[in-house]
There are 2 protein chains.
Amino acid sequence: MARSTGKPGAELAFLLSQVGYQSAALFAERIAPLELTPPDVGILKVVSEAEGLSQQDLGVKLSMFPSRLVAFLDQLEQRGLLQRRPSPADRRSHALYLSPAGREALKTIGRISREHQNQLCAALNEAERGQLTKLLQRIADDQKLAPGIHPGFRKLQMPR
Amino acid sequence: MARSTGKPGAELAFLLSQVGYQSAALFAERIAPLELTPPDVGILKVVSEAEGLSQQDLGVKLSMFPSRLVAFLDQLEQRGLLQRRPSPADRRSHALYLSPAGREALKTIGRISREHQNQLCAALNEAERGQLTKLLQRIADDQKLAPGIHPGFRKLQMPR
DNA sequence: TATTGTTATACTCTATAACTATA
DNA sequence: TATAGTTATAGAGTATAACAATA
């Protein structure tokens with residue numbers, strides 16, 4: 001039974017964490033058959049929006065250590081989704097590009113993401129989803145969360 | 001700039017994951033000075049609501065492997081927040097209880113949680129927080145998320 | 001001397017399965 | 001023989017720091 005009056009608890013913050021985790025977990029399940037993980041998707045997305053960027057740039061955008069990026073990029077490159085091209089100005093750095101297959105993968109991911117959202121938000125109609133989006137966006141802006149960048153890239157580990 | 005018409009993307013599902021992660025991360029930071037982690041808090045909370053339960057029971061409630069529980073319980077017991085008492089009926093099993101210090105810790109955690117929620121939801125007024133809570137609760141119910149049980153107990157690992 | 005990307009190392013946390021003591 | 005809790009082991013993933021090539 002919920003308290004209707006009195007000192008407010010932290011139900012909302014906990015609900016946010018619960019539902020947010022559920023969203024991440026279901027999404028991870030949905031892309032697993034593509035042999036992709038959420039960080040893979042985040043990397044592909046950022047590269048697609050800023051092609052030619054260096055691994056350094058990518059690390060800054062995602063707040064990831066460059067050394068942690070290497071393994072992800074190796075795998076994406078081996079699978080032909082992403083390319084490391086020599087940088088014209090600096091032979092130390094690599095310019096990152098999506099391959100055609102990488103762009104195709106992003107389209108598939110987009111479709112999967114929409115299905116995922118429909119499943120997750122099945123309890124709400126369109127108007128309610130719009131309401132929810134607006135409220136969450138206000139929090140995200142206030143919390144200085146960069147659009148399209150998941151804060152989990154930084155440190156990892158949620159409950160423990 | 002947001003698309004006002006056309007095929008919907010998955011912005012809402014991503015926003016939920018972003019804000020949910022932010023909630024979890026900020027909460028973890030807030031309780032870190034108490035030398036507690038979110039799973040510690042989850043355990044204390046469940047025990048407080050069902051004192052006398054066994055480690056087996058606790059594992060089922062949290063969807064955690066019993067072997068994973070051991071280290072958490074060891075630490076909480078050593079710090080005097082939780083007690084393993086002999087079970088009257090079965091000498092194999094332990095009945096879990098909070099100590100007075102454990103109950104005190106939960107009060108502190110409750111205060112911290114409210115501060116946390118106020119910080120996280122600073123962009124919204126009371127009415128808006130109520131709206132948001134209702135919408136999220138509808139999703140949580142539809143997704144069969146148990147009240148007060150974080151789905152992250154199960155498997156862990158969000159971005160990867 | 002500083003910087004880009006890579007590799008090496010140590011550490012944390014987990015699931016699985018073996019183990020003990022009771023039942 | 002089965003069950004409660006514990007311990008052992010191996011694996012996944014990370015941050016940190018050392019490293020080679022280039023600037």
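Fair warning: this is a prediction, and the values are worked out from it, not measured in the lab. Lettering follows sequence order; numbering is per chain, from 1.
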Whole-Å distance between [N] [atom2] and [X] [atom1]?
| X | N | atom1 | atom2 | result |
| --- | --- | --- | --- | --- |
| B:Q75 | D:dT6 | CD | C1' | 16 Å |
| B:M64 | D:dG5 | CE | C1' | 14 Å |
| B:F72 | C:dT12 | CZ | P | 14 Å |
| B:L69 | C:dA15 | CG | P | 11 Å |
| B:R91 | D:dT3 | CZ | C1' | 15 Å |

Report summary line: Its contact letters, B for base, S for sugar-phosphate only and - for none at protein heavy atoms under 4.0 Å, make nucleotides 2-9 of chain C read BBSSBB--

**Report entry** Sidechain N-carboxylate O distance under 4.0 Å for A:R103, A:E51
**Finding:**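 Counted as a salt bridge, because a side-chain N and a carboxylate O are separated by less than 4.0 Å.
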
Query - Check: A:Q117/A:R129 side-chain N/O donor and acceptor closer than 3.5 Å - result: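 No donor-acceptor contact under 3.5 Å links the two side chains.
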
**Report entry** No-hydrogen, no-angle side-chain donor-acceptor test under 3.5 Å, A:Q137 and A:D141
**Finding:**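 Yes.
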
Query raised in the report: Do the side chains of A:I43 and A:L96 get nearer than 4.5 Å, heavy atoms only?
Result: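 Sidechains of A:I43 and A:L96: no contact.
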
Query - Distance under 6.0 Å and angle within 45° of ring axis: B:K45 vs A:F14 - result: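 Yes, B:K45 lies over the aromatic ring of A:F14.
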
Query raised in the report: Which residues pass the salt bridge (charged side-chain N to carboxylate O under 4.0 Å, His left out) test with B:D142, sequence neighbours left out?
Result: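 In terms of salt bridge (charged side-chain N to carboxylate O under 4.0 Å, His left out), with neighbours along the sequence ignored, B:D142 is linked to no residue.
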
